[in-house]
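Before any comments, here is the structure.
Each chain gets a letter, A, B and so on, in the order its sequence line appears, and its residues count up from 1.
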Amino acid sequence: MSSQQDDLKETDTEARFEFKKEEKSAFKSEKGLTEETVRVISEDKDEPEWMLERRLRALEQFQEMPMPTDWPGQPDLSEVDINEIVPYIRPDIDKRGGADSWEDLPEEIQDTFDKLGIPEAEKNALSGVGAQYESEIVYQNMQERWEEKGVIFCDMDKAVQEHEEIVREHFMTKCVPPSDNKFAALHGAIWSGGSFVYVPENTTVEMPVQAYFRMNSEGMGQFEHTLIIAEEGSEVHYIEGCSAPKYSAFNLHSGGVEVFVGEDAHVQYSTVQNWSKNTYNLNTKRAIAEKGGRMEWISGSMGSKATMLYPSTILKGRGASDNHITIAFAGEGQDIDTGAKVYHNAPDTKSTVESKSIAKDGGRTNYRGLVHIADGAENSSTAVECDALMFDNESTSDTMPYMEINESKVDVAHEATVGKIGDEDIFYLQSRGLDDDDAKQMIVSGFIEPITEELPIEYAVELNRLVELEMEGSLG
Amino acid sequence: MSTQAIESLSEDTVRRIADERDEPEWLLETRLNALSALETAELPDVIQTPGRRWTDLEALDFEALVDPLNQADETERTAGDDEVVVLPFTEALDEYGDVIEANFGSVLDPEHNYLTALSVALFTTGTFVYVPEGVDVEDVTVRAEMNSRSLFSQTLVVAEESSSVTILESIETGDAEVADDRYFSNLVEVVAGENANVQFGSLQNLDDDAYTYSLKRGVTDTYATVDWIESNFGSKLTRSDIETELNGDGSESQIVGTFFGTDDQHFDINARVWHQAEQTTADLVTRGVLDDVARSVYEGVQDVGEDAWNTSSYQRENTLMLSDDAEADASPKLIIHNHDTEASHSATVGQVDAEDLFYLESRSIDSRTARNMLVEGFFVPVLEEIAVDEFRDDVEELVLERLQ
């Protein structure tokens with residue numbers, strides 16, 4: 001094990017994620033969602049007129065659309081009342097768009113991100129890092145050598161000002177229009193913060209770029225927008241981490257992620273989500289891959305009360321490909337409804353989905369996936385594999401894949417298994433002197449290994465630690 | 001989802017059907033209750049993904065399709081053994097009224113949905129099969145011809161403790177001239193007592209003016225087995241649901257499905273099992289072929305309840321596409337509430353393997369014949385699951401016919 005891994009292991013993960021801060025903000029909008037709120041947010045950000053228009057149009061769509069309630073077996077959203085959400089909180093920072101160094105940040109924000117281990121990670125492994133606290137990016141840094149090549153990594157609000165043309169063309173137009181679903185519309189109306197990543201043609205950003213999102217205040221919503229544009233032949237790996245402490249009121253996270261994968265470009269998007277267990281995590285993430293482009297989604301869903309998240313990829317150009325690797329862990333009171341959607345809209349496109357889930361202490365996991373192969377998408381192939389592991393009889397694990405196949409020259413396969421932890425495996429490990437808890441933990445680590453090995457080391461360690469943490473207490 | 005009132009349908013219609021058959025009061029009541037349930041009942045659930053319902057049952061024009069007082073069928077029923085009772089449903093009421101009353105609707109609620117309620121209110125044909133304790137019969141056959149615009153059929157199978165029965169049912173269109181579209185509705189209930197073994201095979205080959213709805217459901221007692229074979233070849237639109245509730249410890253169910261769609265046929269095939277007792281086993285296997293602009297929708301559900309310890313549940317669905325214009329949709333679902341479970345499902349869609357085709361052609365078999373051989377071969381794993389020779393031959397013959 002590397003020393004770096006040791007360092008991270010020593011940090012007490014629980015303390016890293018569960019602490020909360022006294023709420024201190026410079027600007028806080030009223031609860032609820034009205035045209036006035038939207039105008040105030042837009043004005044506070046000094047946005048161009050077109051962005052305000054887009055927000056207002058999205059608000060209209062949000063108000064017209066019904067809540068999704070009739071999906072078979074979907075999580076209960078009856079508690080999600082937008083009138084109880086504070087949609088926008090600007091933390092107390094002097095400089096818009098984030099400080100350039102950690103030292104410039106107010107102490108409690110510095111302290112928060114220190115606890116999350118972000119400064120160390122930046123020093124060690126990242127090309128750039130952005131950190132969002134409540135609704136705004138509070139820190140943003142990109143290593144010079146990438147900046148020189150024309151790589152842009154900044155917060156989304158700043159991108160609207162400084163890269164207006166490109167944002168105007170791509171922002172919620174082709175990839176995730178607000179009309180996509182009710183929460184995409186909500187997001188379109190009150191989005192704030194998030195990251196903008198632009199990688200010019202034939203540029204490879206060798207180290208991952210990272211953004212970290214943190215919700216600190218009670219009863220707030222976080223609506224960050226991430227827009228990644230990877231031009232022809234470029235390559236980038238973006239990592240997103242999220243957390244929020246637990247309050248008695250519910251929190252809502254409704255982010256939007258849009259990824260444009262140019263011809264022969266390669267984008268990897270990794271997330272480890274550990275929202276507190278009263279957060280509703282209702283995200284929309286989508287990528288469009290041009291000819292020969294490759295999109296990879298890697299996600300770990302650990303936290304939240306309910307998650308509805310189905311990262312999707314539109315394989316638009318010939319030979320484009322997509323890989324999804326997901327892991328979901330649902331403990332007591334959690335309903336993690338997640339999956340993957342892939343649209344094969346061109347010939348010779350390929351996709352694979354590898355999904356693992358663990359349910360325990362009455363938690364529910366569901367794989368809800370869609371593979372669509374359009375007429376004319378010849379020689380496309382897709383393979384979906386889902387495995388679920390269950391610990392006890394109170395937990396539930398469902399698998400609901402949908403496959404729509406309009407083309408005959410294809411190769412489509414879906415496989416799913418559900419099983420309990422093997423008694424024999426436990427016995428074997430116990431006979432080697434491990435106690436029951438350690439044995440189970442070891443089996444779970446082995447079960448999720450195909451996922452963790454795709455992640456950069458510090459995320460793999462974090463994911464493993466989170467899993468260990470989730471398993472403590474109930475086994476014993 | 002709104003359901004439609006059918007003008008020709010009234011309490012009088014239902015009473016006439018019951019009177020003509022001299023039915024007992026309880027059945028008339030059941031029919032009338034089903035009739036009034038039509039006002040609120042919904043059409044069966046169909047799979048939907050955002051923006052799309054996979055089967056459009058709302059488009060069925062029941063006003064035009066349903067002609068309740070002119071139902072006609074020619075049905076031949078044979079029992080291989082004196083010990084088993086095989087009677088037209090309505091005739092059986094005289095002698096076996098008590099058994100029928102005790103079991104009717106116990107497996108399949110007449111008010112389950114709009115189409116089941118319609119069927120129970122209006123049925124005129126069907127079969128009652130009663131297998132007394134310990135009796136073992138292999139060849140019960142029911143060959144039905146539909147000779148009217150609409151036909152509603154209701155079948156009840158009661159297999160007592162340690163009995164065993166194999167029933168083969170087929171439906172096709174008779175010679176009677178019926179202009180325009182027609183509607184065939186088929187409800188089957190199977191009650192399998194302790195240690196009983198019921199195999200129910202069904203072959204639907206109606207002409208392509210027909211719309212069909214069938215819902216077949218079985219329940220198992222301890223150690224009982226209910227096996228289904230469901231073959232769909234005919235009809236313009238087929239909605240077929242095959243379901244087993246595994247209610248007894250150690251009970252089992254196998255659902256074998258085949259379909260072959262050509263032209264613009266639409267198949268909505270559903271196979272579902274509920275594991276509600278310990279040590280239950282289910283095996284769902286469906287294979288279908290689509291040509292021209294035919295379309296299939298498949299949903300399989302394996303639901304493992306909280307008390308279903310030590311469950312084994314398997315599901316496979318494979319579709320072979322012969323045409324670029326065909327469409328296959330599939331959704332195999334797992335719903336698991338007990339961790340002491342081994343469950344898996346898989347689904348594939350593909351075309352005739354180019355290498356296999358090349359291999360056969362290189363043995364100087366022309367490409368059409370080669371393709372047909374491979375399609376026949378595709379059905380083999382499912383045909384092998386069919387234990388009854390006669391039924392297997394019928395299915396094979398229909399596959400060949402389709403390939404001509």
Go through A/Asp411, A/Leu370, A/Val410 and name the one with the most non-hydrogen pairs under 4.5 angstrom from chain B.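 Of A/Asp411, A/Leu370, A/Val410, A/Val410 has the most heavy-atom pairs under 4.5 Å with chain B.
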
Looking only at heavy atoms and a cut-off of under 4.5 Å, which of A/His372, A/Met400, A/Glu385, A/Lys409 has the most pairs with chain B?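 That would be A/Lys409.
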
Expected output: side-chain B/His337 to main-chain A/Thr396 donor-acceptor under 3.5 Å: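 Flag not set: sc B/His337 to bb A/Thr396 has no pair under 3.5 Å.
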
If you count the non-hydrogen atoms of other residues, nucleotides and ligands that lie under 6.0 Å from [atom1] in [X], is the total more than 12?
X: B/Glu361; atom1: CD; result: yes
X: A/Lys316; atom1: NZ; result: no
X: B/Glu376; atom1: CD; result: yes
X: B/Glu355; atom1: CD; result: no

Output, in order, the C-alpha distance, side-chain angles, deciding distance and verdict of side chain to side chain contact (heavy atoms under 4.5 Å, CB included) for B/His339 and A/Lys360. CA-CA 9 Å; B/His339 71 290; A/Lys360 65 181 257 300; over 6 Å; no

For B/Asp356, check side chain to side chain donor-acceptor pair (under 3.5 Å) against everything at least two apart and list the hits.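 Result, side chain to side chain donor-acceptor pair (under 3.5 Å) vs B/Asp356: none returned.
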
Kindly give the heavy-atom pair with the smallest separation between [X] and [Y], and that separation in Å.
X: B/Ser323; Y: A/Ser408; result: O-CB, 3.2 Å
X: B/Pro332; Y: A/Pro401; result: O-CD, 2.8 Å
X: A/Asn393; Y: B/Glu306; result: ND2-O, 2.7 Å
X: B/Ser344; Y: A/Thr417; result: CB-CG2, 3.8 Å

Quick check on the interface: out of [options], who has the most heavy-atom pairs with chain A under 4.5 Å?
options: B/Ile47, B/Thr348, B/Val301; answer: B/Thr348
options: B/Ser296, B/Gly350, B/Ala354, B/Ala347; answer: B/Ala347
options: B/Asn318, B/Ile335, B/Val304, B/Val352; answer: B/Ile335

Region of B/Ala343 that comes under 4.5 Å of a non-hydrogen atom in chain A: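 Its backbone and side chain both get close to chain A.
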
Chain A contact via B/Asp325 - which portion, at a heavy-atom distance below 4.5 Å: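 Only the side chain of B/Asp325 comes within 4.5 Å of chain A.
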
Assess the residue pair B/Met321 and A/Ile405 against the criterion (side chain to side chain contact (heavy atoms under 4.5 Å, CB included)); give the C-alpha distance rounded to whole Å, side-chain angles, the decisive distance to 0.1 Å, and a yes or no. CA-CA 10 Å; B/Met321 313 261 277; A/Ile405 317 298; 4.1 Å; yes

In Å and rounded to the nearest 0.5 Å, what is the [atom1] to [atom2] distance from [X] to [Y]?
X: B/Asp329; Y: A/Asn406; atom1: CG; atom2: CG; answer: 7.0 Å
X: B/Asn338; Y: A/Ser395; atom1: CG; atom2: OG; answer: 10.5 Å
X: B/Leu334; Y: A/Asn366; atom1: CG; atom2: CG; answer: 10.0 Å

Any side-chain donor-acceptor pair under 3.5 Å between A/Tyr367 and B/Lys333?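 Judged by distance alone, the side chains do not pair up.
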
Would you please classify the geometry between the A/His414 ring and the B/His345 ring as parallel, tilted or perpendicular, with 30° and 60° separating the classes?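 Tilted, since the angle between the ring planes falls between 30° and 60°.
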
Side chains of B/Val349 and A/Met403, heavy atoms from C-beta outward: is any pair under 4.5 Å?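 No, their side chains stay 4.5 Å or more apart.
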
Indicate yes or no: at least one non-hydrogen side-chain atom of A/Pro72 is less than 4.5 angstrom from one of B/Gln48.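 No - every pair of side-chain heavy atoms lies 4.5 Å or more apart.
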
At a heavy-atom separation under 4.5 Å, does A/Asp375 approach chain B through its side chain, its backbone, both, or neither?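 Only the side chain of A/Asp375 comes within 4.5 Å of chain B.
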
